[in-house]
Amino acid sequence: MICLLSLIVFGVLAVFSAGYRPMAKEAFDCVFRRVTLRKCQSGLDIRVKSKIVGKVMNKSPRLAKGVHKYFEVVSWIFVILFFVSLAFSADAIYNLVVYDNCNGPDADPDTCFFTPDEIEVDCDDTLCEGGECEVYSNS
Amino acid sequence: MNVEKIREDFHILKKGIIYFDSACMSLRPKQVIDKINEYYTEYPACAGRSIHKLGNKVEDEVDDARNVIKKFIGAKKSKEIIFTKNATESINLLANSFKFDKVLLTDREHNSNLLPWQTKKYGIFKVNNGFNIEKFSEIVKDYDFVSFVFTSNLDGYTIPAKEIVKIAHEEGAKVHLDAAQTIPHQEVNVRKLDADFISFSGHKMLGPSGMGVLYGKEELLEKMDQFIIGGETVVNSTYDSFEIEKLPNKFEAGLQNYAGIIGLGEAAKYLSKIGLNEVHDHEIKLVKAIDTEGLKVVGIPGGGIFNFNIPGVNYHEVASILDASKNIMIRSGAHCVHSWYNANSIGGSCRASFYLYNTLDEIRVLNEELEKLKKLG
């Protein structure tokens with residue numbers, strides 16, 4: 001599962017830096033092999049795991065043991081969290097585009113950071129014509 | 001042997017690394033690097049072809065390096081020293097040029113001393129937990145050539161070469177020793193051993209990479225056919241024939257790695273100055289300081305290489321974790337001895353290999369980290 005996470009992380013980094021492209025390619029190859037029920041041959045999974053465990057071992061050997069033992073489980077949790085987070089983000093973006101509110105049409109606009117603020121304009125303002133007051137968005 | 005003083009010659013060690021991968025590639029001291037630089041900055045010309053000042057200087061330096069190597073291994077004549085790219089090339093040259101009927105190998109050969117012989121008739125002699133000289137005496141009767149690994153890169157085990165050569169000669173077989181892991185770590189005298197051929201690399205003995213040596217007795221080298229031919233291997237040529245050069249040029253085709261040759265000579269000088277017996281004793285002391293409790297020792301212990309596995313932790317993981325946690329560099333995998341690992345159903349292992357620049361303090365750090373790693377399993 002760490003290969004999938006690596007693909008996502010290195011895939012994003014590779015967009016901005018060519019230095020990460022070989023790693024992203026390696027991660028892709030690893031994921032491709034795994035989804036076609038073959039073993040990842042590049043050793044990327046072991047390298048990423050070992051690097052994390054090695055760094056953790058310097059701080060806490062006990063925690064390192066946990067990370068080493070449950071690495072696959074922890075990876076799964078992160079992958080699931082990633083996809084759940086991705087789904088919520090997609091829903092929020094859809095709502096924001098369609099309803100100007102990332103929480104949906106009936107939700108309180110104050111709970112969405114991206115909802116455009118409404119500015120009350122004084123009717124005496126020169127922009128108000130014929131005594132009718134218009135509302136302008138600040139976005 | 002003053003290890004701290006020796007360490008000052010190795011710039012890379014100031015970067016805080018713990019280098020335990022010398023069986024793969026040794027580090028280079030300042031003296032060797034300076035000598036290589038000297039060639040490129042002071043006399044970057046051809047040897048053996050050009051008669052100008054620079055050409056003569058290179059020729060002198062190459063001759064000097066050949067003489068140093070001759071003395072270093074106790075050869076009789078400098079023309080018995082053939083410069084190659086590495087031990088692998090030396091063995092390939094031998095396998096393709098020396099005429100024999102059937103070769104005997106051990107079951108723990110590096111791929112470099114296994115694959116070149118696999119196209120010939122060959123047999124495998126099992127070393128198991130130690131070299132059985134009686135059994136060898138019986139088996140060698142069926143062979144006219146023996147090519148054994150002198151010191152194994154697997155575990156540092158050194159075969160009783162002198163006895164082996166004696167017995168093989170009594171049975172009429174010639175002997176080649178793959179000494180890539182021996183020459184850098186202990187004193188070898190080819191005349192005392194009476195070995196017919198010896199091959200080794202420069203990069204494992206503080207020398208530059210891309211350099212190797214094939215030693216052979218003059219009379220045997222004379223009989224051997226050329227393997228690679230071209231520039232410098234002939235005295236004269238016509239459109240349909242050529243006259244072969246004398247030793248050692250006969251086998252050194254094309255423009256040579258002069259910087260490498262000169263650097264290798266300097267490496268041999270450096271090691272001679274320190275003394276290989278002291279280097280060997282130092283390495284044994286380091287291996288003995290390793291806390292082996294809870295580790296699965298692989299191979300035959302006792303040499304200057306420590307091969308192990310940690311139950312429950314993958315060997316590649318062990319190497320990567322040691323690198324990430326404390327900059328400890330070891331090697332993991334099958335160490336180019338796949339055949340032995342396959343025959344013994346072992347996927348791979350970790351190998352810590354030591355040299356003159358390693359210290360007991362570094363072993364202490366390794367022990368501490370191995371202790372933590374054992375708990376991961």
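When reading the values below, keep in mind they use all heavy atoms of this one structure, side chains included, and skip hydrogens, waters and symmetry mates. Proteins come first, then strands; the chains are lettered A, B, ... in the order of their sequence lines, and each starts at number 1. Just so it is clear, the structure is predicted and the values come from calculations on it, not from any experiment.
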So how far is it from B:Leu376 CG to A:His68 NE2, rounded to the nearest 0.5 Å?
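The NE2 atom of A:His68 is 5.5 Å from CG of B:Leu376, to the nearest 0.5 Å.
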Going by residue number, which parts of [range] are within reach of chain A, meaning a heavy-atom gap below 4.5 Å?
range                       : value
residues 309-320 of chain B : B:Gly312, B:Val313, B:Asn314, B:His316, B:Glu317, B:Ser320
residues 322-342 of chain B : B:Ala324, B:Ser325, B:Lys326
residues 368-375 of chain B : B:Glu369, B:Lys372, B:Leu373, B:Lys375

Does the side chain of B:Ile321 come within less than 4.5 Å of A:Met57's, by heavy atoms?
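Of all side-chain heavy-atom pairs linking B:Ile321 with A:Met57, at least one is under 4.5 Å.
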Considering only heavy atoms, which portion of A:Lys49 lies under 4.5 Å from any heavy atom of chain B: side chain, backbone, both, or neither?
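Only the side chain of A:Lys49 comes within 4.5 Å of chain B.
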Please say whether more than 12 non-hydrogen atoms of neighbouring residues, nucleotides or ligands are located less than 6.0 Å from [atom1] in [X].
X        : atom1 : value
A:Arg34  : CZ    : no
B:Lys15  : NZ    : no
A:Arg62  : CZ    : no
A:Asp108 : CG    : yes

Going by the rule side-chain hydrogen bond (donor to acceptor under 3.5 Å, both in side chains), which residues pair with B:His203 if we only count those two or more places apart in sequence or in a different chain?
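For B:His203, no residue satisfies side-chain hydrogen bond (donor to acceptor under 3.5 Å, both in side chains) once neighbours in sequence are set aside.
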